[in-house]
**Q** 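Sharing a structure with you now.
Chain identifiers are assigned alphabetically (A, B, ...) following the order of the sequence lines, protein sequences preceding nucleic acid strands; residue numbering begins at 1 within each chain.
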Amino acid sequence: MNKAATIWEVFIQSKNGLPHKHVGNVHAEDKEMALQNARDLYTRRNEGSCIWVVKSEHIVSSVPEDEESFFDPANDKVYRHPTFYDLPDGAKHI
Amino acid sequence: MKNDIFSINLQKHNYLNMQEEIFQDKINAEKKIEPKDWMPDGYRSHLIRQISQHAHSEIIGMQPEGNWITRAPSLRAKMILLAKVQDEAGHGLYLYSACETLGVTRDELNKQLHEGKAKYSSIFNYPTLSWADMGAIGWLVDGAAIVNQVSLQKTSYGPYSRGMIKICKEESFHQRQGYEIMAHMANGTKEQKEMAQDALNRFWWPSIMMFGPQDSDSPRTGNAMKWKIKRKTNDELRQNFIDKTVAQAELIGLKIPDPDLKWNEERGSYDFGEIDWEEFWNVVNGNGPCNEQRLEHHKKAHTEGEWVREAAKAYAKKQTHNE
Amino acid sequence: MQDLEKYILRIADSSLILSHRLSEWCSKGPSLEEDIALSNISLDLLGQANSLLEYCGKINGTKTADDLAFKRGEREFFNFQICEQENGHFGDTIARQFLFDSFTLLFFKKLSESKDEILSAIALKSIKEINYHLRHSSNWVLRLGDGTATSKEKIQNSFNKIWKYTGEFFEMDQLDLKMLDLKIGVNNNQLKKEWDIIVNDTLKKAKLNRPEDGFMMTGSKNGIHTELLGKILSEMQYIPRAYPDAKW
């Protein structure tokens, strides 16, 4: 039997209305254990209102080599930002 | 043919040089390195060694304090100590997690520890002989650790830095609780005061040894500083700790056991006596009072837990089958 | 001693002594994650004991929670005997914990309806914690019962050994009846039916056999214990007893 423990990534929502944030990982074998271990490890000081756990092997990540082709093309699309637009002086609430 | 191989090797060599340059530029620009980024082998292995040593220290460090949980003298003291030792398990986990991002498993790290290939902080090879030692450990040992950890929050490796930030946030109570114990005892009965002074006497020198060898004897510091894994040298951190701690001892009427300790106006720092490096290396190399006991304890827990971990694995497998 | 004081001590002592046992696990757990989990449960129980002992001290008027924890002898402790039983291996600890959690959850639910407002408030707070403890312990019963052949054998033995300590949960003596009459206390006897359902259900899911309700140990309501309690106390109370004038 493979002895290595299964690793789960842990995401905590610190309070309702906020996004879940990655905080680290835990070792666990089943879903319930992953959830409990995450709770015991990452919310000892009232840090959470909701926990997500995801098996690490299920996370798909871009790699550094993708960085240029993934993210640089967004650089010159300045028209996506509100500051790009030239508005008449005195325009309000826009 | 020969020429071709030569030129391929040369290309590879140039490529590596280029990568290393990009890497160093990033470091110099204070950009964090993340797990999937290219990094020199030396950087990776230095990190694995340093982070795992740090993680093992947290875990082995549970034992000297764990030694007093069942004997804590009040309900409050017991809660605090248990929560603190539990935090140490948590901090060990944060650090193992960070280490795992470098491609080494917790099992391998455990194995290295059990085989004596990985070290942990020697301070935990000293025995805890009275309740005052709980005070001394919190105040001095955690105090020294915090000085080091605060500087490591800015370490160049992302996961390590994030772990350190979390740890520093949580550890702030550890030193305070230790100092509180010392302060109470130093102002308590005659016996309590003696215990407090005795604990300070025994833990002072090992605590300042925690920062490691002097810079002049620390061969790896060069790269670690260049790569910004370490942000301050051993001697800088040690001085910082001593300067902070002297006044704290004075405030509660305890005496630091160093006759050469003296304020140096010119340096704006305390001068202190010669550290017994022979003792330091002795303990590092396995001859401390509790080295064997600490490792055996850890191995025993690991071995005795094996059937439990296997059961959990087998159960999970059956569950997935049924899904 | 007032009746109410003794009634509360029984509850407090069980939490205190079981907390002590769980704290012995620190740095010895089967995994670091589990080490943290056991410490958490220990801390919750210690918190419950602390609140209850403080309340006791208030009723008593002369003793603090610490006096009650650290200056009473074996015959003055009223915890269930199951709480003082040794940790053994992880399965032994889980079996003990699961049986205790399923009982205390039911007990505190009833206690939360107590006419005594402080007891009721402490119970309400504790229920949340115990719900989590039960979730933790029953999940482990499933994993060990339905894990490997070794784990199944071990945890089955754990249940067989500890079973004789579960009879105390449901005993009612004069004091209990009086507290029940005053609508302060709980009818433990009535909890048995529901406890059986929880326990049977989990054991069945875990593919374990429920031991027979045969001979049951008794005595803790009158301060009669196994020899284990004395050893716990001599360790736990050593400092305050060795230095009676010191404050910590």
**Q** Which class fits the ring pair C/W163 and C/W195: parallel under 30°, tilted 30 to 60°, perpendicular over 60°?
**A** tilted
**Q** Counting only heavy atoms from other residues, nucleotides and ligands, does the tally under 6.0 Å from CG of A/N46 exceed 12?
**A** no
**Q** If contact means a heavy atom pair closer than 4.5 Å, which residues of residues 15-29 of chain C contact chain A?
**A** none
**Q** Just wondering, more than 12 heavy atoms not from C/K110 lying within 6.0 Å of its NZ?
**A** no
**Q** Identify the heavy atoms of C/D101 and C/L134 that sit nearest to each other, and give their distance.
**A** OD2-N, 3.7 Å
**Q** Report which part of C/R143 has an atom under 4.5 Å of a heavy atom belonging to chain A: side chain, backbone, both, or neither.
**A** side chain
**Q** Can you label the angle between the C/F103 ring and the C/F169 ring as parallel, tilted or perpendicular, going by 30° and 60°?
**A** parallel
**Q** Any non-hydrogen side-chain atom of A/Q36 less than 4.5 Å from a side-chain atom of A/M33?
**A** no
